[in-house]
Amino acid sequence: AFPVLVFSIALIVVADQVNRVVLLIMVIGFFGWPYIGRIVRGQTLSLREREFIDAARSLGAGNGHIIFKQLLPNLFAPLLVYATLIIPTNILQEAALSYLGVGVRLPTASWGQMLSAAVPWSAVDPMYMAVPGVALFVTVLAFNLLGDGLRDALDPRSSR
């Protein structure tokens, strides 16, 4: 329930001498792993009660076999879908931090920096702001559609 954007701003301002790209990756990863962890935990708890796990145990399979040959292949599809659905959130978080001026520094390109630089020119030339905004929108929409498509393709319980 902690606001990720506020913590990111505070941490990046305090740790100003560190490489910002690495710091952004660490902050976004630190706040992003609980969502993936919750999905993995829920799926694992669901899968361990299934019959094929009991069948593998009854045949004498060890824990390593059950984890690597039974559980992980069945966890791959939900993880892939969720990863494609969380990428747009991470892109938007980086763009928001760059827009506020605490993201990546100027030799590195960012749509947030482009939007921030376009604000004073928006009255004169609206396309200066529209191009990075539309690019950001299309990228986020593409990853959302990819995630929805993967969910539909890999979900065995969906009605096609």
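Just the heavy atoms: all of them, side chains too, but no hydrogens, waters or symmetry mates, feed the values below.
Looking at residues two or more places apart in sequence or on another chain, you find a salt bridge (charged side-chain N to carboxylate O under 4.0 Å, His left out) between Asp148 and Arg151. For the side-chain hydrogen bond (donor to acceptor under 3.5 Å, both in side chains) test, no residue two or more places apart in sequence or in another chain qualifies with Asn144.
Other residues, nucleotides and ligands contribute at most 12 non-hydrogen atoms within 6.0 Å of the CZ atom of Phe30. More than 12 heavy atoms of other residues, nucleotides or ligands shown are found within 6.0 angstrom of OH on Tyr82. Under a cut-off of 6.0 angstrom, the local environment of CG in Asn63 is sparse, with at most 12 non-hydrogen atoms contributed by other residues, nucleotides or ligands.
Partner Phe137 forms a side chain to side chain contact (heavy atoms under 4.5 Å, CB included) with one of Val140, Leu141, Thr139 and no other, that one being Leu141.
Between Ala56 and Ile66, the shortest heavy-atom contact is CB-CG1, 4.2 Å. Closest approach of Leu115 and Gly133 over heavy atoms only: CD2-N, 3.7 Å. Heavy atoms only, all atoms of each residue included: Pro78 and Leu75 are closest at CD-O, 3.3 Å. Counting all heavy atoms, side chain and backbone alike, Arg48 lies closest to Leu71 at N-CD2, 4.5 Å.
Linking ILVMFWY residues whenever their side-chain heavy atoms come closer than 4.5 Å, directly or via other members, leaves Phe7 and Ile86 in distinct clusters. Grouping the Ile, Leu, Val, Met, Phe, Trp and Tyr side chains by contacts below 4.5 angstrom, directly or via other members, places Ile9 with Ile91. Linking Ile, Leu, Val, Met, Phe, Trp and Tyr residues whenever their side-chain heavy atoms come within less than 4.5 Å leaves Leu79 and Leu146 in two separate clusters. Both Tyr35 and Val40 are part of a single hydrophobic cluster, where members link through side-chain heavy atoms under 4.5 Å apart. Residues Ile36 and Ile87 fall into different hydrophobic clusters, defined by Ile, Leu, Val, Met, Phe, Trp and Tyr side chains chained together at heavy-atom separations under 4.5 Å.
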Inset, instruction - For Thr89 and Ile28, run side chain to side chain contact (heavy atoms under 4.5 Å, CB included): C-alpha distance rounded to whole Å, both residues' side-chain angles, the deciding distance at 0.1 Å, then the answer. - result: CA-CA 10 Å; Thr89 305; Ile28 291 172; over 6 Å; no

Inset, instruction - Could you check Tyr99 against Trp111 for side chain to side chain contact (heavy atoms under 4.5 Å, CB included), going step by step and ending with a plain yes or no? - result: CA-CA 8 Å; Tyr99 179 81; Trp111 283 320; over 6 Å; no

Inset, instruction - Carefully, step by step, assess Thr44 and Arg41 under the rule side chain to side chain contact (heavy atoms under 4.5 Å, CB included). - result: CA-CA 5 Å; Thr44 303; Arg41 181 180 183 275; 5.8 Å; no

Inset, instruction - Step by step, work out the side chain to side chain contact (heavy atoms under 4.5 Å, CB included) result for Asn74 and Phe52. - result: CA-CA 11 Å; Asn74 288 302; Phe52 65 91; 3.3 Å; yes

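Remark: side-chain polar atoms of Ser98 are not paired, donor with acceptor, to backbone N or O of Ala95 under 3.5 angstrom. Formation of a donor-acceptor pair under 3.5 Å by the Ser116 side chain with backbone atoms of Gly112 is not found in this model. Side chain of Trp121 to backbone of Ala118: no donor-acceptor contact under 3.5 angstrom is found.
Atom CZ of residue Arg57 and atom NE2 of residue His65 lie 11.5 Å apart, to the nearest 0.5 angstrom. The line from CD of Gln113 to CG of Leu100 is 12.0 Å long, rounded to the nearest 0.5 Å. To the nearest 0.5 Å, atoms OG (Ser110) and CG (Leu24) are separated by 9.0 Å.
Counting only heavy atoms from C-beta outward, the side chains of Leu85 and Val81 approach each other to under 4.5 Å.
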